[in-house]
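Below you'll find the structure, written out as structure tokens, and then a few comments.
Order of the sequence lines sets the chain letters (A, B, ...), proteins ahead of strands, with each chain counted from 1. Side chains are part of it too, since the values below use all heavy atoms of this structure and drop only hydrogens, waters and symmetry mates.
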There are 2 protein chains.
Amino acid sequence: MSRDARWKSLLELLVERGRLEVEEAAAELGVSAATIRRDFDQLAEQQMLVRTRGGAVVHGVSYELPLRYKTARRASEKQRIAKAVADLVAPGEAVGLTGGTTTTEVARALAVRGDLASGSPALTVVTNALNIANELAVRPQFKIVVTGGVARPQSYELIGPLADGVLGQITIDVAVLGVVAFDVTHGAAANDEAEAAINRLLCERAARVVVAADSSKLGGRAFARICPAESVDTLVTDSAAGKETVRRFEEAGIRVLTV
Amino acid sequence: MSRDARWKSLLELLVERGRLEVEEAAAELGVSAATIRRDFDQLAEQQMLVRTRGGAVVHGVSYELPLRYKTARRASEKQRIAKAVADLVAPGEAVGLTGGTTTTEVARALAVRGDLASGSPALTVVTNALNIANELAVRPQFKIVVTGGVARPQSYELIGPLADGVLGQITIDVAVLGVVAFDVTHGAAANDEAEAAINRLLCERAARVVVAADSSKLGGRAFARICPAESVDTLVTDSAAGKETVRRFEEAGIRVLTV
DNA sequence: GGCCAAATGCTTGATTCTGCTCGAAAATCA
DNA sequence: TGATTTTCGAGCAGAATCAAGCATTTGGCC
């Protein structure tokens, strides 16, 4: 197991449990305790965790936010969804991407789309997600516009009033929303109200709104509402979505793509 | 199999799996490990992936932040300079970082500064460099403010009027400039006029201005001027800087640190 | 066909990583 | 306080990986 994979696993276990012992981690990952100690020391040097005698604890008091670091769940569904979303974008358009694992996959799918390969800015991408901007920045076929703002703690999303100001100055063709819940009556929702506010603004500036959500997100609710279902034009989800669920979305006037 | 086809396959496999090992890829494509290593190196140079020992990972998901990046020229000078610059920042301050390899090292040096370890936002970092924001975003000890704007082609710097608007709303304690040339009479300069404009704005919002430049940058000129030498409070450079050069900066009222 | 440049594969010396051992320091318990 | 146990840190050897150089092959071009 490479060091990258080991570090990733260690951080995952750590945010999940809050604290991790050397021997415990060594047994779990199948490496020696000495290696784990070295890993802990190196991660501690980078302030990714705090060493304790015999183990390590998460840095600071943030016992929350496990999701960003989890190995993406439902990876293959997400990739299929991402591919389908990418195909909804025409060359030359301006597309807005919110943060999240699904939208990150959309960004990657856009990056490998052959018909965008050449031509100067074949696509304009507007995003408040640092990781997406960072991945696409060096590709010559993209023009990347970043909203600015304050990074949400331990996350890659930019939020806050600074971002609002920038978004007010642009319009886009299609907004792709990564959501934590999407329902006909409750609409699309995010975990954080500031995040939801940015996403809402992005929707308002867009001619078309696409929600990318695997089937586990459908029909649920979450704390911060982004927009009502009527604002959404297209939903892309996986084929595990129930027939009844799909029908209700379609009755609400939303085009549903299942992949 | 041609190199193009090989690169295409490698990137496809990489996007699909997230990470790829040298031997694994060599076996899969039927070429030698040396070729794969060269391919990985070349693709990494183009920022299409991130090299790790024994393999490569998708660009953007690596935790191996400061370790693999030893490839930059004058790496050790840059790291010493970066360390010294980081020590000029007091806990709780707001520091502005422009783009560039030297300032990226400053960001990494700040990340490993022990006295910032705890306390909520121990440091506020304002930057227009996507790579810096991305690296620091997950550290709980930093509050990251991104200027927004359009990514400069093939680079990580955000530029343009959108960034101006955001910078106008904030002030910072210390601005760290990465420059391509710095001279007593010609001032500090960058390669690109839009980049210089952002850097200038950052200076104007700062109480203190620090220029981080290795000795090869001193005494030269470059296309786009950022600010006159009088605007700079401190210059941090390496000990290879000529005595006469240093003296002239000091006579201009600039504090010079050589490391 | 002959030539040149680029790409590929192989070898070698150096670097890095990992696991193990041993003495020292720290924590626990009596 | 003192004894015991656990953990740490450093050093070392083996294995894996890397970088560089060199020979061979491939492919284009005249």
Between [atom2] on [N] and [atom1] on [X], what's the gap in Å once rounded to a whole number?
X: B:L29; N: C:dG9; atom1: CG; atom2: C1'; result: 15 Å
X: A:D4; N: C:dC17; atom1: CG; atom2: C1'; result: 13 Å
X: B:D41; N: C:dT8; atom1: CG; atom2: C1'; result: 15 Å
X: B:E23; N: D:dT17; atom1: CD; atom2: P; result: 6 Å
X: B:R3; N: C:dG9; atom1: CZ; atom2: P; result: 13 Å
X: A:R6; N: C:dG19; atom1: CZ; atom2: C1'; result: 11 Å
X: B:I36; N: D:dA19; atom1: CD1; atom2: P; result: 14 Å
X: B:D39; N: C:dA7; atom1: CG; atom2: C1'; result: 10 Å

Inset, instruction - Verify the contact: side-chain N or O of B:R53 to OP1 or OP2 of D:dT17, cut-off strictly under 4.0 Å; return yes or no. - result: no
Inset, instruction - Kindly say if B:T35 contacts the phosphate of C:dG9, meaning a side-chain N or O under 4.0 Å from OP1 or OP2. - result: yes
Legend entry - Pairwise distance CD(A:Q42) to CZ(A:R37) - rounded to 0.5 angstrom: 14.0 Å
Inset, instruction - Quick one: pull up CG in B:L202 and CD1 in B:I226 and give me the separation to the nearest 0.5 Å. - result: 10.0 Å
With the criterion being N/O to N/O and under 3.5 Å, what pairs connect the protein with nucleotides 11-14 of chain C, and how long is each?
none

Inset, instruction - Side chain of A:S32 only, please: which of C:dG19, C:dT18, C:dG9 is the nearest? - result: C:dG19
Legend entry - Residue B:R51, side-chain atoms from C-beta onward, closest of C:dT18, C:dT8, D:dA19: D:dA19
Legend entry - Donor-acceptor contact below 3.5 Å, side chain B:R139 vs main chain A:Q46: yes
Inset, instruction - Spell out, as yes or no, whether a donor-acceptor pair under 3.5 Å connects the side chain of B:R248 to the backbone of B:G219. - result: no
Inset, instruction - Would you mind classifying the nucleic acid contact of A:R38 as base, sugar-phosphate or nothing, using non-hydrogen atoms under 4.0 angstrom? - result: base
Inset, instruction - Pick base, sugar-phosphate or nothing for A:T52, based on heavy-atom distances below 4.0 Å to the nucleic acid. - result: sugar-phosphate
Inset, instruction - Measure the shortest side-chain to side-chain distance between B:R17 and B:L20 over non-hydrogen atoms and say whether it is less than 4.5 angstrom. - result: yes
Legend entry - Beyond-backbone contact of A:L29 with A:S9, side-chain heavy atoms, under 4.5 angstrom: yes
Inset, instruction - Using side chain to side chain contact (heavy atoms under 4.5 Å, CB included) as the criterion, point out the one residue from A:L136, A:L130, A:N128 that pairs with A:I132. - result: A:L136
